[in-house]
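To keep things clear, I will list the structure first and then write my remarks on it.
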Amino acid sequence: MFTIELLPAEFGDAIWIEYGKRGAPHRILIDCGTNAVYPAVRERILALPPAERHLELFVVTHVDVDHIGGAMALLRDREQLGLTIGDIWFNGYVHLAPGGKVPLPEDDDILGALQGEALTELIMAHNPARWNAAVGGGALVVPDEGPLAPLPALPGGMKLTLLSPTQRHLDRLRPVWEATCKKAGIIPGAATAAESGLLGEEGEPDEDDDILGDLNVDQLAATPFKSDAARPNASSIALLAEYDKQRVLLAGDALVPVLMDALARVRGKVRGRLPLAALKLSHHGSRGNTSLDLVKAVKCANWLVSSNGKQFKHPNREAIARVIKAGGSGVGLHFNYRTEFNDVWDSASLRRKHKYKTHYPADEGMGIRLELSK
Ligand SMILES: [Zn+2]
């Protein structure tokens, strides 16, 4: 079996993945939403029998509050929950320079290297040997050149290929690391996560919210694409997950040019669109993170959007229109909340005209679950 679930993570991501034998699945968690999202993740873990409270992998894609907020609460609570974690993937301050590695506990300058950053301290307290262990404690970065291949498989056979970030984008985060961590509330004494969320990313200009009748998908899709350039997003981990002949692109908040380059290197000499079972849209369906070219690079039936629309009014209509327009017929849109920003796509005439389907949570606060194989 292979399932992917977008937990209700406010304006962030918390992606719960199960794979393996039915009745004895392996689990991966990618990000943990904002601080306020943690109680739902906690419930989820507590619902497991104590012997099953194990994550093969916990990924923290990057240091924005909507991905990292709940991660700290989870790690603080880990022992109380009886949760064990096989490996934590997170590029910390030590990884922002080429060759940077997880420090050894006996390193004298460890505090300097940590920069007082709370998530790193929690990971070190958990077990430094299980931090980016898949790459020997180094940075999780896409190699500079050559075809891209999966990292050593996780227990149970899940294969993950890194699609983002590149070392260049990690280097560029270095000068703004401290400010970014402060904004995310992960430097002690800085603004709380709730306050810092309001400081968030650069605001995007408002679009016309008062369009009457159906949207003009062609026009929206054709809006010139301007790539997101936020340095924290550029440092985001993005992964291609493969299990049971199903491939899923988990884009984090990564940038389109980085993803495009990586997809070309995954495809290698194989021509045409890369077949995918699902794609989690980058940056909650922001117009700056989904281009027509990216949509055309894959053949994908299920497009997942994680956002309650707060803060940044995601998903943007241009991004969804590009998916509908270039994704081919039978595109399915999966939203983990029903909001005023994604409700517009639940129009029978639009669905008929552009041949796509929509999926919303059956109940508020449930998130959405996709079964890729039984
Ligand atoms: Zn985000």
Side-chain angles (χ1 to χ4, degrees), residues 4-16 29-38 40-41 58-74 89-91 119 140 163-165 169-170 172-173 176-177 179-186 191 193-204 227-239 249-256 258-259 279-291 294 303-316 318-320 334-337 339 341-342 367-368:
I4 174 165
E5 205 172 330
L6 300 185
L7 303 179
E10 292 201 308
F11 50 98
D13 281 357
I15 305 173
W16 183 276
L29 180 64
I30 300 183
D31 291 324
C32 205
T34 61
N35 206 23
V37 170
Y38 173 63
V41 175
F58 177 36
V59 182
V60 182
T61 59
H62 65 294
V63 288
D64 271 336
V65 66
D66 55 318
H67 298 257
I68 207 167
M72 290 187 296
L74 176 68
W89 290 6
F90 169 65
N91 286 322
L119 183 69
L140 287 151
L163 305 182
S164 172
H169 287 103
L170 280 190
R172 289 186 56 218
L173 181 61
V176 297
W177 171 263
T180 308
C181 291
K182 273 189 182 147
K183 213 160 74 172
I186 64 171
E195 286 165 340
S196 62
L198 299 171
L199 303 172
E201 313 155 40
E202 298 302 307
E204 294 169 9
S227 178
D228 177 12
R231 287 190 230 192
N233 287 350
S235 78
S236 174
I237 291 174
L239 298 166
L249 200 166
L250 301 156
D253 281 2
L255 305 193
V256 164
V258 177
L259 292 173
L279 185 153
K280 199 275 319 174
L281 268 77
S282 172
H283 197 24
H284 324 286
S286 169
R287 60 172 79 85
N289 298 68
T290 298
S291 67
L294 180 67
W303 298 76
L304 318 177
V305 180
S306 181
S307 179
N308 67 354
K310 297 275 161 63
Q311 307 286 5
F312 309 112
K313 302 183 177 180
H314 290 146
N316 294 135
E318 294 89 333
I320 302 299
H334 301 257
F335 301 103
N336 66 341
Y337 289 89
T339 74
F341 307 105
N342 63 36
I368 200 149

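Atoms within each ligand, like the ligands themselves, are counted from 1 in listed order. Residue numbers count from 1 along this sequence.
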Parallel, tilted or perpendicular: rings of His283 and Phe312 (30°, 60°) | tilted

Backbone or side chain, does Asp66 get an N/O/S atom under 2.8 Å to the Zn ion (ligand 1)?
-> yes

Working to the nearest 0.5 Å, report the span between CE of Met72 and CD1 of Ile186.
-> 6.0 Å

Taking Asn289 for its side chain and Ala254 for its backbone only, find out whether a donor-acceptor pair lies under 3.5 Å.
-> yes

Any N/O/S of His283 under 2.8 Å from the Zn ion (ligand 1)?
-> no

Measuring from the Zn ion (ligand 1), name the closest N, O or S atom belonging to His284.
-> NE2

Is the distance between the ring centroids of His284 and His67 less than 6.0 Å?
-> yes

Is His62 close enough that one of its N/O/S atoms sits under 2.8 Å from the Zn ion (ligand 1)?
-> no

Would you call Lys183 and Asp64 a salt bridge, taking side-chain N to carboxylate O under 4.0 Å as the test?
-> no

Closer than 2.8 Å to the Zn ion (ligand 1), do we get an N, O or S atom from Asp253, backbone or side chain?
-> yes

